There are 2 protein chains.
Amino acid sequence: MTTITQSTLSTGTEVVIEANPGVESVAAVWLVPAGVAHDPEDRFGLSALWAELLLRGTKNLDSRAQADAFDRLGTSRSVRVSSRFLTLGTTTLGTKLSDSLPLLVDMVRVPNFDDASIDPSRGLCLQAIEALKDDPGERAALGVRARHLAPPFNRSTLGTTDGLNALTPADIRDCWPRMAVPTGSIIALAGHVDPRAVVEQLEALLSDWTGTHPEPVPSAEPPRSYAHEVDDSNQVQIVLMHDAPPESSEKTMLERLAVSVLSGGMSSRLFTEVREKRALCYSVHAGYATDRDFGLVAASVGTQPERAQESLDVLVAEMQRLSTPEGRVTPEEFSRAVVGMKASLIFSGESTGARASALATDMFRLARPRSLEEIAAEVDAITLDQLNAYLATRSLGRVTIQTVGPEPLNPPI
Amino acid sequence: MTTITQSTLSTGTEVVIEANPGVESVAAVWLVPAGVAHDPEDRFGLSALWAELLLRGTKNLDSRAQADAFDRLGTSRSVRVSSRFLTLGTTTLGTKLSDSLPLLVDMVRVPNFDDASIDPSRGLCLQAIEALKDDPGERAALGVRARHLAPPFNRSTLGTTDGLNALTPADIRDCWPRMAVPTGSIIALAGHVDPRAVVEQLEALLSDWTGTHPEPVPSAEPPRSYAHEVDDSNQVQIVLMHDAPPESSEKTMLERLAVSVLSGGMSSRLFTEVREKRALCYSVHAGYATDRDFGLVAASVGTQPERAQESLDVLVAEMQRLSTPEGRVTPEEFSRAVVGMKASLIFSGESTGARASALATDMFRLARPRSLEEIAAEVDAITLDQLNAYLATRSLGRVTIQTVGPEPLNPPI
């Protein structure tokens, strides 16, 4: 039996903990409000460079000693850049958590950012951008995002070559304490953990942490519509993006069920119509992602040039058909979507990493954590009639389509 | 507390089950001795095509009805090709297992292989081969395997374009019952499961299953050595492969610890020397894979042309240094490797999918399943002196190196 506790440290950081005595591992996720949307206008890539540098030592332990210290505990760690946040993650045994937390806190509070580490880290960031040239699928995903969302939420988490090259050691060191602040930071833990002991330890480790900074706000209107990037390869990558409810909306679970009907399993419409009936592609998928303030559905197809136009046509037709009388969700589809979503919830409950991530994002998007039981109840509360009524009024709105391949396609929408 | 039971069905199939009352999910893995090593000489790709077709209906349920039936239970399924086996996998809730097993058994026993499914499936298999043109990393991995291992273990699991195009409906249908046989089949389950009920159900479902066929045997001596594939991209992919103990060897755990020192975490030698100190690459990794009869270590680097030669030189130097007096594993490295391996074992115990896979491969490679506690005890039994004594006598032997990139490199070995 799991129990969730939520507290706010005296410094303003939210801490949410799901204790699960049935497991030995514990996962920690720390959202630091220093994602790419916060990068200075002429320095895109600062957050990507921080993500490398945070793994390379603190004022207390140089890069090598830090790696040794984590590995000595059997604690794995990661840093990931997203739009709003730098997300630090660790996984360890419950018995090693109290030794791991000070190391994690030092990564955020006293990173080293020493001269010797900066250029190698910058080099790796530049290589990651360079590697995009050989990854048309990722370029399509970045392209659709760049034109669908308003700045600064449309930025690539990799940064830009110019931005990375422009960054000085002073930028890197001076901006960090302004961005890595307690207000807006969220720490979530799940697994074998004593909530009270962890909160006390974090309170002690973070008591002198101060600072706040404004959230990013959407600026210009995004262009959206269709764009093609010529790529002389044997594949065509297609991505379509449309708006969807933010997490806080009462329509979120309806949208989630709709996307599950579209792409939730091998009996889903996209898999059946695009991949299986027509063998148009080797991959097809639609996913629904939410922010606190907005949401989006991204549908992608990887295919070959001679199948690309039909793939796009069928993809769009299936997405539109959901909202037509002929395309109403059937009782069987509805039942499968509900069963699939509830099974996925239960499976996620068996992964401490998945639970810690879900709790942290719940805290940001909803300002409160949800138990798996609560989410399952939200799914159960929805009826087929509600879903079809929602879909009947739903429109894809101003969509964005990005293709990467030898020839442009004719967007049917 | 988990308990492992092992039984042999009357038809000869091995069944191994780890019951874990602490979880709700159950994963099933079925190794069918029909991997690419069994493909007819002029029909490489038969197993890849089967893997597609097994997901497209049985004599009892057509493709769509089969997908509906699995999704109705919330059961996800997969089919994967490896050298020796086609591996079918399902994940579901323990409460849905008894309804899922007949569907899984039908996939193996009475697949449909109907004409209407064959060409679309063949098309997807051909597309997967075509997509290799845009995936230099995968081409390097296939290239090193093709030259390091003896036929038929050196084959690509994708098959070949010629082989796939040569396959007739009769090949596809007639070969399956000869290959999908109970002798050599292994079924493993882990999670929320009643072992006795499952064995009874499988016994009933499989009682009339018969057949056996010979195992593949290594034929010609592999060429190994260095090869380069010219690829006009911005990356260089480097893979080095050397022999290592098979799973049954008493040296296996020693090799596993050695590879962990080399590549087991951020404090590992390859990560430190290649990636962090020199920023030579964006990815570097070494992994140890075992078969019942052989083992291999594959080390790979993804880098840019101007860093490629130094990357390869440092990679080889670090791999050789492990066996020199100066390169002896230190007590700190040893301790970190042991802690890391034991933590990974515990984490794997929290994934029913990982446990089912491990039990199935144990049954094939060792002819018995091991509990996590037994494996942890094997790790604990090893001393630093034993590890260094092993490494002092270990040689990389005849290695294989494959590079893919603009220019060939000078292999230092």
Side-chain angles (χ1 to χ4, degrees), chain A residues 22-25 55-56 63-64 66-68 70-77 91-93 96 119-121 123-124 127-128 130-131 133-134 136 233-235 264-268 271-272 275-279 281-282 302-304 332 335-337 339-340 342-344 346-347 349-352, chain B residues 22-25 55-56 63-64 66-68 70-77 91-93 96 119-121 123-124 127-128 130-131 133-134 136 233-235 264-268 271-272 275-279 281-282 302-304 332 335-337 339-340 342-344 346-347 349-352:
Chain A
V23 298
E24 291 183 68
S25 73
L55 297 168
R56 291 172 181 244
S63 181
R64 181 57 201 260
Q66 184 192 40
D68 289 358
F70 275 106
D71 284 352
R72 205 151 44 223
L73 297 168
T75 304
S76 64
R77 60 191 166 132
T91 303
T92 191
L93 298 177
K96 302 295 185 186
D119 278 333
S121 297
L124 291 174
Q127 283 192 54
E130 187 73 11
K133 291 186 182 162
D134 298 314
S233 76
N234 308 286
Q235 298 176 50
M266 285 190 189
S267 66
S268 68
F271 199 87
T272 307
R275 187 174 194 274
E276 197 170 303
K277 275 198 200 161
R278 295 185 179 80
C281 62
Y282 45 86
T303 186
Q304 289 183 298
E332 294 71 28
S335 165
R336 290 196 302 267
V339 167
K342 290 176 68 181
S344 296
I346 292 171
F347 300 154
E350 295 176 7
S351 160
T352 53
Chain B
V23 298
E24 292 183 68
S25 73
L55 297 168
R56 290 171 182 246
S63 181
R64 181 57 201 260
Q66 183 191 41
D68 289 358
F70 275 106
D71 284 352
R72 205 152 43 223
L73 297 168
T75 304
S76 63
R77 61 191 166 132
T91 303
T92 191
L93 298 177
K96 303 294 184 186
D119 278 333
S121 297
L124 291 174
Q127 283 193 54
E130 187 72 11
K133 291 186 182 162
D134 298 314
S233 76
N234 308 286
Q235 298 176 48
M266 285 190 190
S267 66
S268 68
F271 199 87
T272 307
R275 187 174 194 275
E276 196 169 304
K277 274 198 201 162
R278 294 184 180 81
C281 62
Y282 45 86
T303 186
Q304 289 183 298
E332 295 72 27
S335 164
R336 290 196 303 267
V339 167
K342 290 176 68 181
S344 295
I346 292 171
F347 300 154
E350 296 177 6
S351 160
T352 53

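Throughout, a chain's letter reflects where its sequence line sits, starting with A, and its residues are numbered from 1. Bear in mind that the values here come from a model prediction, so they are computed numbers and not experimental data.
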Note to self: Shorter than 4.5 Å, heavy atoms on both sides: which option in A:Ala343, A:Gly22, A:Ser233, A:Gly340 has the most such pairs with chain B?
What the structure shows: A:Ser233
Margin query: Just so I know, are the side chains of B:Asp134 and A:Asn234 near enough to count as touching, which here means a heavy-atom distance under 4.5 Å?
Written below: yes
Item checked: Residue part contacting chain B, namely of A:Ala131, when any heavy atom lies under 4.5 Å -> both
Next item on the list: Side-chain contact test, heavy atoms from C-beta onward, threshold under 4.5 Å: evaluate it for B:Glu332 versus A:Asp68 and give yes or no.
Entry: no
Item checked: Over all atoms of both residues, closest heavy-atom pair of B:Val339 and A:Asp71 -> CG1-O, 4.0 Å
Next item on the list: Considering only heavy atoms and a distance below 4.5 Å, find which of A:Gly123, A:Ser121, A:Cys281 pairs most often with chain B.
Entry: A:Cys281
Item checked: Closest-packed option against chain B by number of heavy-atom pairs under 4.5 Å, given A:Ser76, A:Ser25, A:Gly302, A:Gly74 -> A:Ser25
Item checked: Side-chain heavy atoms of B:Gln66 within contact of A:Met266, under 4.5 Å -> no
Check: Under a 4.5 Å heavy-atom cut-off, does chain B meet the side chain of A:Thr91, its backbone, both or neither?
Finding: both
Item checked: Among B:Ser335, B:Ser63, B:Ala128, B:Ser351, residue most engaged with chain A (heavy-atom pairs, under 4.5 Å) -> B:Ser63
Notebook entry, point to check: A:Thr303 versus chain B, heavy atoms under 4.5 Å apart: side chain, backbone, both or neither?
Noted result: both
Item checked: Closest non-hydrogen atom pair, B:Gln304 against A:Glu130 -> NE2-CG, 3.0 Å
Notebook entry, point to check: Side chain, backbone, both or neither: which part of A:Leu93 has a heavy atom under 4.5 Å from chain B?
Noted result: both
Item checked: Residue pair B:Glu24 / A:Glu350: nearest heavy atoms and the distance that separates them -> N-OE2, 2.8 Å
Check: Checking A:Thr75 against chain B: side chain, backbone, both or neither under 4.5 Å from a heavy atom?
Finding: neither
